[in-house]
Amino acid sequence: MKRSPFILEEHTFKKTHHRPLKMSSPNDDEDKDERYQEESSRSPDPSVVSMKNDKSIDFPITFQGEEQKRYQKKSSRSPEPSGVSMKSNKSIDFPITFQGPERKRLIGHSERLESVSQLLVMEKKEHQSSTKELGSWKQKFKSKLQNKFQMINEGIPLYGNVRPLNEIYTDPYITSDCECGNVNDEHEVRRIEKACRRLMTEESINCNDIFKPLPGDEKPIRTVLTEGIAGIGKTVSVQKFVLDWAEGKENQDLDLIFPFNFRELNFKKKENLSLLELLHCFFPETKELKLDYNHYRVMFIFDGLDESRFSLDFLNSKRLTDLTESASVDVLLTNLINRSLLPSAFLLITSRPAASGQIPPVYIDKVTEVRGFNDPQKDEYFRKRISDQTLADKIITHLKSSRSLYIMCHMPVFCWIAATVLEGMFSEAETGEVPKTLTQMFTHFLILQIKHRSLKYKKPEMDPGEIKDVVLKLGKLAFLQLEKGNLIFYEEDIIECGIDVQEATVYSGVCTQIFIEEVTSHLGKVYSFVHLSVQEHLAAVYAFLSCINGYLSKQQTPGIFGLSSKATLLDLLKAAVDKALQNKNGHLDLFLRFLTGLSLESNSILLQDQLTKTGRSSLRKHAAVTNKEITTYIRKKIKKKPSACKSINLFHCLNELNDQSLVQEVQTFLSKTADHHLRGVRLSRVQWSALVFLLLNSEKELEEFNLQKYAASDECLMKLHPVVTASRKALLHECNLSDKSCKVLKEVLSSVSSCLRELDLSDNKLQDSGVKLLSAGLKSEHCKLEILRLRNCNITEEGCVALTEALRSNSHLTELDLRDNDLGEQGVKLLSDIKEDEKFTLEKLEI
């Protein structure tokens with residue numbers, strides 16, 4: 001078995017009485033006891049005199065006659081000896097008697113030594129008993145965790161959705177290439193689309209190894225924060241971590257693991273508890289244990305910080321050190337994290353990125369990020385989940401034919417949604433068009449869950465009017481909570497939307513795997529949609545149905561984007577486009593994509609059971625005009641040159657509207673040339689944006705970007721910089737670039753989603769001003785550039801100083817080419833010193 005990361009240096013447990021015991025297997029507690037006894041038998045004798053053996057001192061001892069006179073005379077002129085040896089009778093051939101205070105002190109010392117010896121024996125026996133007690137109890141506890149975590153719930157844990165975790169578990173891509181404290185509240189689907197190409201550029205780590213120190217860093221890791229967007233695989237990774245420990249496969253140096261989740265902890269928000277009482281509450285079997293947890297390797301897992309309804313105040317929180325001292329749960333959490341309480345414990349905390357900033361970086365030893373599936377892992381998931389391999393291959397082929405769908409498959413939860421929809425469509429020969437867009441996929445998923453309600457729950461079909469009411473109320477919940485940024489809801493949230501708490505099971509029954517009512521042990525219930533994207537789709541369905549069915553006048557405040565009761569579908573779509581463009585972090589981008597897709601008549605027909613007579617009539621009458629006008633409106637917005645991310649999302653909206661004309665125009669330009677370049681071709685602003693969208697959504701990986709294929713200029717680079725960010729290698733040599741381009745490249749190098757590893761800027765007049773900008777990008781914690789070529793770029797000693805500072809601060813650069821520049825003697829020396837210093841990564845320097 002490989003060495004666990006939890007074997008730490010002895011000095012990390014200074015506060016404990018016993019050295020932590022190394023575990024080599026899950027059943028070796030008796031071995032611990034034997035090793036303890038063996039170590040005790042080898043330990044040296046104490047430095048004090050042992051009084052346990054009467055033979056060491058023969059009482060009484062008496063001086064008489066001349067001997068007494070000589071002893072008294074000698075004692076009066078000689079200092080007292082530092083110690084008296086009593087081991088040999090030969091040292092004194094006459095009885096010795098201690099009288100008065102001396103005798104009392106000696107007897108008292110003997111009694112104290114006897115007491116210490118007895119205490120050590122008792123303590124050893126207690127530890128041996130405690131170890132045996134823990135060993136027996138731990139096997140039962142592991143079995144309980146194994147039973148709890150060995151199955152995975154896809155959707156809700158009913159009616160065939162539960163499957164063995166080890167049967168379908170696919171390792172997600174986990175990286176430690178991230179920093180704590182960098183709050184990124186960008187929309188999560190936008191992030192996954194930007195990051196999808198990075199999955200093959202960084203080394204992945206196994207979920208069981210996240211506590212291992214990075215190479216060259218021997219500092220023990222106590223607290224790990226694992227980030228990841230919703231549905232990316234954080235909770236499943238935690239489940240696998242706990243299950244492997246419980247089954248005795250991994251991390252056996254951990255004595256105990258206590259997995260918590262914030263959904264359940266939220267129910268304790270108003271209570272005062274000690275840490276021990278919290279353990280007793282969630283793990284009642286711990287009441288049987290009488291352990292000092294400081295003596296053991298204990299791990300606490302807190303899953304879903306983003307679902308927390310606690311305020312973690314690390315500045316003003318009361319300090320706790322006693323496991324029996326009561327406080328509010330948020331105070332317990334802050335004291336565990338800041339190591340005032342049980343400082344020897346290991347902590348694993350998972351969170352969506354937007355919420356991870358609640359914990360100051362100083363309390364985090366390591367940050368990891370779950371980034372979902374790379375392309376091989378996607379295929380592995382479908383082949384594991386679908387037993388019919390022919391069917392699995394058919395599904396994989398279909399998903400690869402739609403780039404937007406295949407990109408979304410980076411999220412394991414979307415893989416599950418796609419498998420649920422496509423498995424039925426391909427195997428049961430269901431009629432209808434196979435989904436090719438996100439809107440079609442999610443709408444089919446919604447309809448599928450409603451249709452299967454009677455089958456799964458063995459209940460009669462609900463009246464269509466009842467279903468409409470349920471879908472509308474769920475949609476309102478989705479819309480209102482989306483605006484607030486909530487994924488988890490409680491009773492007060494669903495009551496606000498007109499949903500009777502007593503009828504919540506009916507709602508989850510209609511949408512069996514979309515709206516989930518979860519009973520959190522004995523604490524209460526929480527409600528959620530299975531994923532943020534599902535919530536956004538249902539919110540779009542609510543907005544669409546409210547408008548098309550004429551419900552806007554009936555909606556309680558707040559309304560939808562402030563629209564009047566007479567608003568048309570086109571009014572709604574335009575308002576949604578404007579709102580999405582105003583929202584800088586992109587939190588309405590996917591909602592807009594779904595809403596525009598639903599406005600397409602072929603998609604809205606899927607919801608015909610949800611449409612009123614008025615709604616159907618309105619669609620037939622106005623659908624074509626609405627489609628044409630919203631397409632024109634979106635094109636105008638693209639022409640106004642919004643940010644690259646906004647522009648790309650608007651192109652996704654056009655794709656949902658089945659309008660790919662702009663992309664096809666650019667493809668036509670490219671197809672007319674033998675090497676697919678655009679040299680000499682004049683493109684409009686909209687066409688440049690279409691080119692960026694085309695390149696970023698190409699099925700071909702962006703291994704290399706060559707600016708000369710398009711236009712060798714600063715202006716062209718500024719338009720195509722998102723493509724540079726997504727590429728591993730950028731060839732920008734001989735492109736008439738100036739320091740203007742370096743400002744853009746600084747942003748590229750600093751981007752959290754940058755894939756760039758090699759950059760060639762040779763034969764451009766960048767000058768020192770441009771090199772200073774590049775150096776600022778090289779200093780970024782996100783920059784992973786390894787090769788930089790700056791041959792013949794008008795760089796002097798001043799530029800070398802800037803490069804040197806970058807190399808010393810935060811650089812992964814291994815190769816640097818600065819030939820044909822006037823670097824000066826001092827510039828050459830600065831760079832040469834960097835190369836010779838083993839602390840830095842630079843291996844090859846050409847000057």
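Position 1 is the first residue of the sequence, and the numbers go up from there.
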| Where the side chain of Arg371 meets the backbone of Thr175, is there a donor-acceptor pair that is under 3.5 Å apart? | no
| message | Looking at Ser351, is its backbone amide N or carbonyl O close enough to the side chain of Asp306 to form a donor-acceptor pair, meaning the two atoms are under 3.5 Å apart? | response | no
| query | Can we say Lys240 and Asp171 salt-bridge, meaning some charged N sits less than 4.0 Å from an Asp/Glu carboxylate O? | reply | no
| request: Nearest 0.5 Å please: distance from the CG atom of Leu399 over to the CD1 atom of Ile407. | output: 12.5 Å
| Under 4.5 Å between any side-chain heavy atoms of Ser599 and Ser604, yes or no? | no
| query | Excluding sequence neighbours, so at least two apart, what forms side chain to side chain contact (heavy atoms under 4.5 Å, CB included) with Val692? | reply | Ile648, Leu696, Leu720, Pro722, Val723
| said: Within the 3.5 Å criterion, strictly below it, is a donor on Asp571 or Thr568 matched to an acceptor on the partner's side chain? | reply: yes
| request: Evaluate the side-chain proximity of Ile447 to Leu607: yes if any heavy-atom separation is below 4.5 Å, no if none is. | output: yes
| For residues Gln660 and Asn655, is any side-chain donor paired with an opposing acceptor at under 3.5 Å? | yes
| message | Under a 3.5 Å distance rule, please check whether Lys646 uses its side chain to pair with a backbone N or O of Asn583 as donor and acceptor. | response | yes
| message | Checking the side chain of Lys394 only, and the main-chain atoms of Phe426 only, is there a donor and an acceptor separated by less than 3.5 Å? | response | no
| task | Indicate the atoms forming the closest heavy-atom contact of Thr443 with Thr439, along with that distance. | result | OG1-O, 2.7 Å
| request: Find out whether Leu472 and Tyr542 are in side-chain contact, i.e. whether some heavy atom of one side chain is under 4.5 Å from a heavy atom of the other. | output: yes
| request: Using a cut-off of 6.0 Å, state whether more than 12 heavy atoms not belonging to Asp578 lie near its atom CG. | output: yes
| query | Do Arg593 and Glu536 sit within salt-bridge range, that is, some charged N less than 4.0 Å from a carboxylate O? | reply | no
| Charged N to carboxylate O under 4.0 angstrom, Asp493 versus Lys484? | no
| note | Here the pair of heavy atoms bringing Thr170 nearest to Phe373 is O-CE2, 3.6 Å
| message | Is a donor from one side chain sitting under 3.5 angstrom from an acceptor on the other, for Glu656 and Thr437? | response | yes
| So, for Leu592 and Ala580, which heavy atoms are closest and what is the spacing to 0.1 Å? | CD2-CB, 3.7 Å
| query | So how far is it from His537 NE2 to Leu595 CG, rounded to the nearest 0.5 Å? | reply | 10.5 Å
| Is the backbone N or O of Leu598 less than 3.5 Å from a side-chain atom of Glu601, with the two atoms forming a donor-acceptor pair by type? | no
| task | Under the ring pair (Phe, Tyr, Trp, His ring centres under 6.0 Å) rule, collect the residues that match up with Phe693, sequence neighbours excluded. | result | Phe651, His652
| query | Side chains of Thr226 and Thr350: donor-acceptor distance under 3.5 Å anywhere? | reply | no
| Taking all atoms of both residues into account, what is the closest heavy-atom pair of Phe594 and Ala540, and its distance? | CB-CB, 3.7 Å
| If you measure from CG on Leu305 to OG on Ser356, what distance do you get to the nearest 0.5 Å? | 7.5 Å
| If only atom types and distance count, is the side chain of Lys234 paired as donor or acceptor with the main-chain N or O of Gly228 below 3.5 Å? | yes
| Is the shortest side-chain N to carboxylate O distance from Lys400 to Asp375 below 4.0 Å? | no
| Is there a ring-ring contact (aromatic ring centres under 6.0 Å, His included) between Trp416 and Phe382 once you walk through the steps? | CA-CA 9 Å; Trp416 164 67; Phe382 287 110; over 10 Å; no
| Side chain to side chain, Ile638 and Leu654, heavy atoms closer than 4.5 Å | yes
| task | List for me each residue that meets side chain to side chain contact (heavy atoms under 4.5 Å, CB included) alongside Lys148, sequence neighbours excluded, and say none if there are none. | result | none
| request: Would you check if Gln377 and His410 make a side-chain contact, meaning some heavy-atom pair closer than 4.5 Å? | output: no
| query | Are any side-chain N or O atoms of Gln389 and backbone N or O atoms of Arg383, one a donor and one an acceptor, separated by less than 3.5 Å? | reply | yes
| task | Taking the side chain as every heavy atom from C-beta outward, state whether Phe445 and Pro435 have any atom pair closer than 4.5 Å. | result | no
| said: Let's go through Asp303 and Thr235 carefully: what are the C-alpha distance in whole Å and the side-chain angles of both, what is the deciding distance for side chain to side chain donor-acceptor pair (under 3.5 Å) to 0.1 Å, and is it a yes or a no? | reply: CA-CA 7 Å; Asp303 187 29; Thr235 296; 2.8 Å; yes
| request: Output all residues satisfying ring pair (Phe, Tyr, Trp, His ring centres under 6.0 Å) with Tyr169, sequence neighbours left out; order by chain, then residue number. | output: none
| query | Would you find a donor on one side and an acceptor on the other, under 3.5 Å apart, between the side chain of Arg163 and the backbone of Ile168? | reply | no
| request: Given salt bridge (Lys or Arg N to Asp or Glu O under 4.0 Å), test Glu423 with Arg385 step by step and report yes or no. | output: CA-CA 10 Å; Glu423 187 175 12; Arg385 191 187 185 280; 3.3 Å; yes
| field | Under 3.5 Å donor-acceptor, Lys473 side chain and Gly498 backbone | value | yes
| said: Test side-chain contact (heavy atoms from CB on, under 4.5 Å) on Gln440 and Leu600; report intermediate values, then the result. | reply: CA-CA 10 Å; Gln440 291 171 348; Leu600 198 63; 5.6 Å; no
For residues 618-631, tabulate all N or O donor-acceptor pairs below 3.5 Å that involve a side-chain atom, not counting sequence neighbours.
| from | atom 1 | to | atom 2 | distance (Å) |
| --- | --- | --- | --- | --- |
| Thr626 | OG1 | His622 | O | 2.9 |
| Thr631 | OG1 | Asn627 | O | 2.7 |

| Should Val236 and Pro412 count as side-chain neighbours, where that means a heavy-atom distance under 4.5 Å? | no
| query | Under the ring pair (Phe, Tyr, Trp, His ring centres under 6.0 Å) test, which residues partner Phe414, sequence neighbours left out? | reply | Phe442
| Thr612 and Asn549 side chains, donor-acceptor separation under 3.5 Å | yes
| query | Atom CD1 of Ile548 and atom CG of Leu569: how far apart are they, to the nearest 0.5 Å? | reply | 5.0 Å
| Can you list the steps and then say if Leu611 with Phe544 is a side-chain contact (heavy atoms from CB on, under 4.5 Å)? | CA-CA 10 Å; Leu611 297 173; Phe544 172 76; 4.2 Å; yes
| Quick one: are Leu265 and Ser308 in side-chain contact, heavy atoms under 4.5 Å? | no
